[in-house]
Amino acid sequence: MANSRAYLAEFLGTFFLCFAGIAAILSGTPAVGAGGGLVAIALAHGLALSVAVSVFGGISGAHFNPAITIGMAVTRRIGPAAAAVYIVVQLAAAVVATLVCRAIFPPEAAAQGLLGLPLPQAWVSTASLLLAESVMTFLLMIAVYGTAIDERGRAVKIGGFGIGLTFAFNILAAGAVTGASMNPARSFGPALVSGIWSFHIYYWIGPIIGATLAALLYERVLLDRR
């Protein structure tokens, strides 16, 4: 039962993030015209993630991201079987969130916003794409460890706030460059529903590299094991 609650929490938390982010992107298309641009998109992702971490962190650990789950598995903070289920649930939630957004918004908005699919600018090289996504997810994982795992950070009780803000400032910093996915599930949902798989593998590789390096660094160097 405990695992079932954790899996449901991962589904709901990932849905929070993906629904808010995709809806914000589609709301800003010419077909809807809500405006706000990159700031609105960053706030939607950041606020949704903050709420989701605050609500579900005590149930599942609040990963909501296959890259975070893989990083946690590398440092043995989650077992391989549970990690596999987490990832499947996260991907499913992203797909459901994308389908819900497609049902809510007009087809013109879905086409103009590519259902919120993160994609790099035409001038971005593969190396730059991987570097940007790795660095952003590295920072995100550092925020996760520092505010939600490290007892010194947990004592401050700002886990959701800190993690959400990190996601938001990463979007402000590089959203115009790569789409600032930082989350393979966030890329997978729109890719599956739209059928556009361009660059998709890099939105797995970059975040996994960044999350794994950050997890190893914090676990082995920064964490106070006393």
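Owing to the predicted nature of the structure, the values given are computational and were not obtained by experimental measurement.
Taking all atoms of both residues into account, the shortest heavy-atom contact from A211 to A67 is CB-O, 3.3 Å. Nearest heavy atom pair, residue R152 against residue D150, reads NH2-OD2, 2.6 Å. Across all non-hydrogen atoms, the minimal contact from L26 to A110 is CD2-CA, 4.1 Å. The two residues A148 and I163 have their closest heavy-atom pair at CB-CD1, 4.3 Å. Across A48 and L17, no two heavy atoms sit closer than the pair CB-CA, 4.1 Å. Closest approach of R102 and L115 over heavy atoms only: CB-CD2, 3.9 Å.
Judged purely by atom type and a 3.5 angstrom limit, N170 has no side-chain atom pairing as donor or acceptor with the backbone of A180. Remark: side-chain polar atoms of S187 are not paired, donor with acceptor, to backbone N or O of P184 under 3.5 angstrom. Remark: the backbone N or O of A82 is not paired with any side-chain donor or acceptor of N3 at under 3.5 angstrom. Of the possible polar contacts, one joining the R186 side chain to the G116 backbone as a donor-acceptor pair under 3.5 Å is found.
Under the 3.5 Å distance criterion, with hydrogens and angles disregarded, no donor-acceptor pair is assigned to the side chains of T178 and Y202. Side-chain polar atoms of S60 and E10 form a donor-acceptor pair below 3.5 angstrom.
Partners of I104 under the side chain to side chain contact (heavy atoms under 4.5 Å, CB included) rule, at least two apart in sequence or in another chain, are F19, V100.
A heavy-atom distance below 4.5 Å is not found between the side chains of I22 and F105. Within the 4.5 Å cutoff, side-chain heavy atoms of I171 are placed close to those of M182. Residues Y86 and I78 meet the side-chain proximity criterion, which asks for heavy atoms closer than 4.5 Å. At a threshold of 4.5 Å between non-hydrogen side-chain atoms, the residues V89 and T14 do not count as touching. T166 places none of its side-chain heavy atoms less than 4.5 Å from the side chain of V144. Taking the side chain as every heavy atom from C-beta outward, W123 and V177 approach each other to under 4.5 Å. Residues H45 and I41 form a side-chain contact, since some pair of their non-hydrogen atoms from C-beta on lies under 4.5 Å apart.
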side-chain contact (heavy atoms from CB on, under 4.5 Å) between L130 and I209, worked out:
CA-CA 9 Å; L130 287 173; I209 290 174; 5.6 Å; no
Determine whether E133 and Y203 satisfy the following criterion, side-chain hydrogen bond (donor to acceptor under 3.5 Å, both in side chains), listing intermediate values before the conclusion.
CA-CA 7 Å; E133 288 293 323; Y203 287 96; 5.0 Å; no
Criterion side-chain hydrogen bond (donor to acceptor under 3.5 Å, both in side chains) on Y218 and T75, from CA distance to verdict:
CA-CA 10 Å; Y218 210 110; T75 55; over 6 Å; no
Ring pair (Phe, Tyr, Trp, His ring centres under 6.0 Å) for F56 and F16? Distances and angles first, verdict last.
CA-CA 11 Å; F56 302 115; F16 265 67; 5.7 Å; yes
Worked verdict on L8 versus L12 for side-chain contact (heavy atoms from CB on, under 4.5 Å):
CA-CA 6 Å; L8 178 58; L12 293 172; 4.0 Å; yes
Would you check, one step at a time, whether the test side-chain contact (heavy atoms from CB on, under 4.5 Å) holds for L140 with N65?
CA-CA 11 Å; L140 180 63; N65 183 336; 4.0 Å; yes
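The distance from atom NE2 of H63 to atom OG1 of T69, rounded to the nearest 0.5 Å, is 5.0 Å. For the atom pair CG of L213 and CD1 of I208, the computed distance is 11.5 Å after rounding to the nearest 0.5 Å. Going from atom CG of L43 over to atom CG of L165 covers 9.5 Å, rounded to the nearest 0.5 Å. Taking OG1 of T147 as the reference point, atom CD1 of I142 lies at 11.0 Å (rounded to 0.5 Å). Distance check, rounded to the nearest 0.5 Å: CD of Q90 to CG of N183 gives 7.0 Å.
Under the 4.5 Å side-chain heavy-atom criterion for grouping Ile, Leu, Val, Met, Phe, Trp and Tyr, V88 is not connected to I68 through any hydrophobic cluster.
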Check: residues 190-201 side-chain donor-acceptor pairs under 3.5 Å, at least two apart:
from, atom 1, to, atom 2, distance (Å)
S194, OG, P190, O, 2.6
S194, OG, I196, N, 3.2
H200, NE2, W204, NE1, 2.9

